[in-house]
Amino acid sequence: MAVTIRDVARQAQVSVSTVSRALSAPGLVKETTRQRVLDVVRGLGYQPNRAARSLITGRTGNLGIVVPDLENPFYPAVLRGVQTRAGEAGTSVFFCDSREDPDTEAELVRTMAAQVDGVVLCSPLSSDETITELANLTPLVLINRTVPDVSSVLMDSGSGMDQVITHLESLGHTEYVYLGGPTMSWSHNRRLQGLQGRARVLGPFEPNFAGGRTAAEQALKTNATAFIAYNDLMALGVLSHLAEHDIKVPQQISVTGFDDILYAAMCSPALTTVAMPTEEAGKVAVDLLAERLDDAPAERRELPTNLVIRASTANTRCPRDAAQPPVARKSRTLPRPTSQSLTRTTQPSLRPRGSLSGWLPRARPRTSL
């Protein structure tokens, strides 16, 4: 037989209404009483009726998140962080893919507004005016974007770029190019700030594998000995293009990326890149959303990034014009990475693109967000 709220009240020696307030409005209950109720809830395995609780609190117990591209391995890690933190609060998550279209992004938020208590917008492409409008429909938290009076979680791309340049300079490089991403991207503009005019900028390019191949073709027309890609997907495209033209990495060209996706440590050679705290950003976004639901003022938090040095960067030891025409290549053992890699987490499974997902698994303990 299912445990009821009356069972909890009886064992905790309080009224049913006190149990309800302890779970839905903890500020109205003494802390000692609330802890006693929560201990009984955990001990009995009581699960509040979501429909009844929503009538009391006016909340749905759902959150939403919109990402630009679920095919980019950067975003599933953010989703994992959102799902983990929401599950700890007994909250379900809807997630959607805007397919890098600002109009679709805004429409998804409008559609979800009546079904969720708030929305996390990851690397949004909508204008400031549109985001402000959406924030008036439902509480919003932004990841890697700033808009006045809207809470946001930022990953310090500027510092990451500075670390990249410092590393390349330590290897003796003096000529490098930055292969830029979308001009509307907040992350791209923060990377430019970290660059501080110390490299030639090419682009914009599509932030994917194909965009990296196109970028590499243009970069080879310069005298650069190091290519800095906007993200790891582009860097993988750069490596592919250079390999096809028998240009050796890192002996002739050093290559760096951004994000430290799973494939960065698996490619050949392993990619030097900037690790972004993606999963942590998802968790912090849910925390900020919970604060906004409690009428806290908008807040901005910035998370640190760090450079992960692997085998795709080194001193340039032979001139690029010494490269030979493409020939059949024999397999060879690549040098081991020059420093430890970050621990990699398993990516969550992806949902069909362009529509709301079903319920995600919820973790214990279950409390109000």
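Just so it is clear, the model here is predicted, and its values are computed rather than measured. The figures that follow rest on heavy atoms only: side chains count, while hydrogens, waters and symmetry mates do not.
Side-chain contact between V119 and L63 is absent, with no heavy-atom pair separated by less than 4.5 Å. Considering only heavy atoms from C-beta on, L233 stays 4.5 Å or farther from P207 through its side chain. With a 4.5 Å cut-off on side-chain heavy atoms, V274 and N306 do not count as touching. In this structure, the side chains of L220 and H241 come closer than 4.5 Å at one or more pairs of heavy atoms. Between V177 and Q218, every side-chain heavy-atom pair lies at or beyond the 4.5 Å cut-off. P269 is listed as a side-chain neighbour of S312, based on a closest heavy-atom distance under 4.5 Å.
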Would F95 and V66 count as a side chain to side chain contact (heavy atoms under 4.5 Å, CB included) if you check the C-alpha gap in whole Å, the side-chain angles of each, and the deciding distance to 0.1 Å? CA-CA 6 Å; F95 61 84; V66 180; over 6 Å; no
Would you please test T222 and R200 for side-chain hydrogen bond (donor to acceptor under 3.5 Å, both in side chains) and show each step? CA-CA 9 Å; T222 72; R200 179 177 176 182; 5.3 Å; no
Using the side chain to side chain contact (heavy atoms under 4.5 Å, CB included) rule, take D128 and T130 through it: C-alpha gap first, then chi angles, then the decisive distance, then the call. CA-CA 6 Å; D128 285 9; T130 298; over 6 Å; no
Apply side chain to side chain contact (heavy atoms under 4.5 Å, CB included) to T272 and V308, showing your working. CA-CA 6 Å; T272 293; V308 180; over 6 Å; no
One pair to check against side chain to side chain contact (heavy atoms under 4.5 Å, CB included): Q193 and L195. What are the steps and the verdict? CA-CA 5 Å; Q193 291 176 22; L195 198 60; over 6 Å; no
Report the C-alpha distance between D162 and R191 in whole Å, list the side-chain angles of each, state the deciding distance to 0.1 Å, and finish with yes or no for salt bridge (charged side-chain N to carboxylate O under 4.0 Å, His left out). CA-CA 8 Å; D162 183 69; R191 291 174 184 26; over 6 Å; no
Go through it in stages, so that I can follow the logic: the residues are R213 and E244, the test is salt bridge (charged side-chain N to carboxylate O under 4.0 Å, His left out), and I'd like the CA-CA distance, side-chain angles, deciding distance and then a yes or no. CA-CA 10 Å; R213 290 178 59 85; E244 284 186 5; 3.0 Å; yes
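Remark: the backbone N or O of L271 is paired with a side-chain donor or acceptor of R310 at under 3.5 angstrom. Looking at E291, its side chain never comes within 3.5 Å of a backbone N or O of P297 through a donor-acceptor pair. For the pair S151 (side chain) and E299 (backbone), a donor-acceptor distance under 3.5 Å is present. Judged by distance alone, with hydrogens and angles left aside, the side-chain atoms of S240 form no donor-acceptor pair with the main-chain N or O of L236 at under 3.5 Å. In this structure, the side chain of R198 engages the main chain of G194 through a donor-acceptor pair within 3.5 Å. For the pair Q115 (side chain) and T111 (backbone), a donor-acceptor distance under 3.5 Å is present. Using a distance-only test at 3.5 Å, with no hydrogens or angles considered, no donor-acceptor pair links the side chain of N231 to the main chain of F258. A distance-only check finds no donor-acceptor pair linking the side chain of N72 to the backbone of Y75 [under 3.5 Å]. Looking at R85, its side chain never comes within 3.5 Å of a backbone N or O of V286 through a donor-acceptor pair.
Residues D101 and S98 have side chains that never bring a donor and an acceptor to within less than 3.5 angstrom of each other. For the residue pair E175 / T225, no side-chain donor-acceptor distance below 3.5 Å is found, with atom types taken as modelled. A donor and an acceptor atom, one from each side chain of Y176 and E169, are located under 3.5 Å apart. In summary, the side chains of S254 and T313 do not present any donor paired with an acceptor at a separation below 3.5 Å, with no hydrogens or angles considered. S159 and Q163 form a side-chain donor-acceptor contact under 3.5 Å, judged by distance and modelled atom types alone. In the model, S187 has a side-chain atom that pairs as donor or acceptor with a side-chain atom of N144 under 3.5 Å.
Evaluated for a side chain to side chain donor-acceptor pair (under 3.5 Å) with T273, the options D232, D260, T256 yield exactly one hit, D232. With E100 as reference, P68 is the one residue of S185, S123, P68, P182 to meet the side-chain contact (heavy atoms from CB on, under 4.5 Å) rule.
Using a 4.0 Å cut-off between a side-chain N of Lys or Arg and a carboxylate O of Asp or Glu, D39 and R34 do not qualify as a salt bridge. Between R99 and E107 no salt bridge is recorded (no basic side-chain N to carboxylate O distance below 4.0 Å). Taking a cutoff of 4.0 Å between a charged side-chain nitrogen and a carboxylate oxygen, D7 and R10 qualify as a salt bridge. At a threshold of 4.0 Å, the pair R292-D287 does not count as salt-bridged, since none of the basic side-chain nitrogens sits closer than that to a carboxylate oxygen. A salt bridge between R110 and E133 is present, with a side-chain N of the basic residue lying under 4.0 Å from a carboxylate O of the acidic one. In summary, R300 and E302 do not engage in a salt bridge, as defined by a charged side-chain N under 4.0 Å from a carboxylate O.
Residues L168 and A226 share a closest heavy-atom pair of CD1-CB, 3.9 Å. Minimum heavy-atom separation, A113 to T138: CB-CB, 4.2 Å. Closest non-hydrogen pair, C267 versus L239, comes out as SG-CD1, 3.9 Å. Taking every heavy atom of both residues into account, G180 and Y230 meet most closely at C-CB, 3.9 Å.
Residues L202 and M234 are members of one and the same hydrophobic cluster, defined by side-chain heavy-atom contacts under 4.5 angstrom among Ile, Leu, Val, Met, Phe, Trp and Tyr. There is no path of hydrophobic side-chain contacts, each under 4.5 Å, that joins F205 to M184. Cluster membership check: L140 shares its hydrophobic cluster with F94, using side-chain heavy-atom separations under 4.5 Å among Ile, Leu, Val, Met, Phe, Trp and Tyr. Two different hydrophobic clusters hold V67 and L154 under the rule that ILVMFWY side chains link at heavy-atom gaps under 4.5 Å. Residues W186 and V120 do not share a hydrophobic cluster, clusters being chains of Ile/Leu/Val/Met/Phe/Trp/Tyr side chains in contact below 4.5 Å.
Other residues, nucleotides and ligands contribute at most 12 non-hydrogen atoms within 6.0 Å of the CZ atom of R6. Atom CG of D149 has 12 or fewer neighbouring heavy atoms from other residues, nucleotides or ligands inside a 6.0 Å radius.
Partners of Y178 by ring pair (Phe, Tyr, Trp, His ring centres under 6.0 Å), not counting sequence neighbours, listed by chain and number: H188.
Distance check: T278 OG1 to K283 NZ gives 10.5 Å after rounding to the nearest 0.5 Å.
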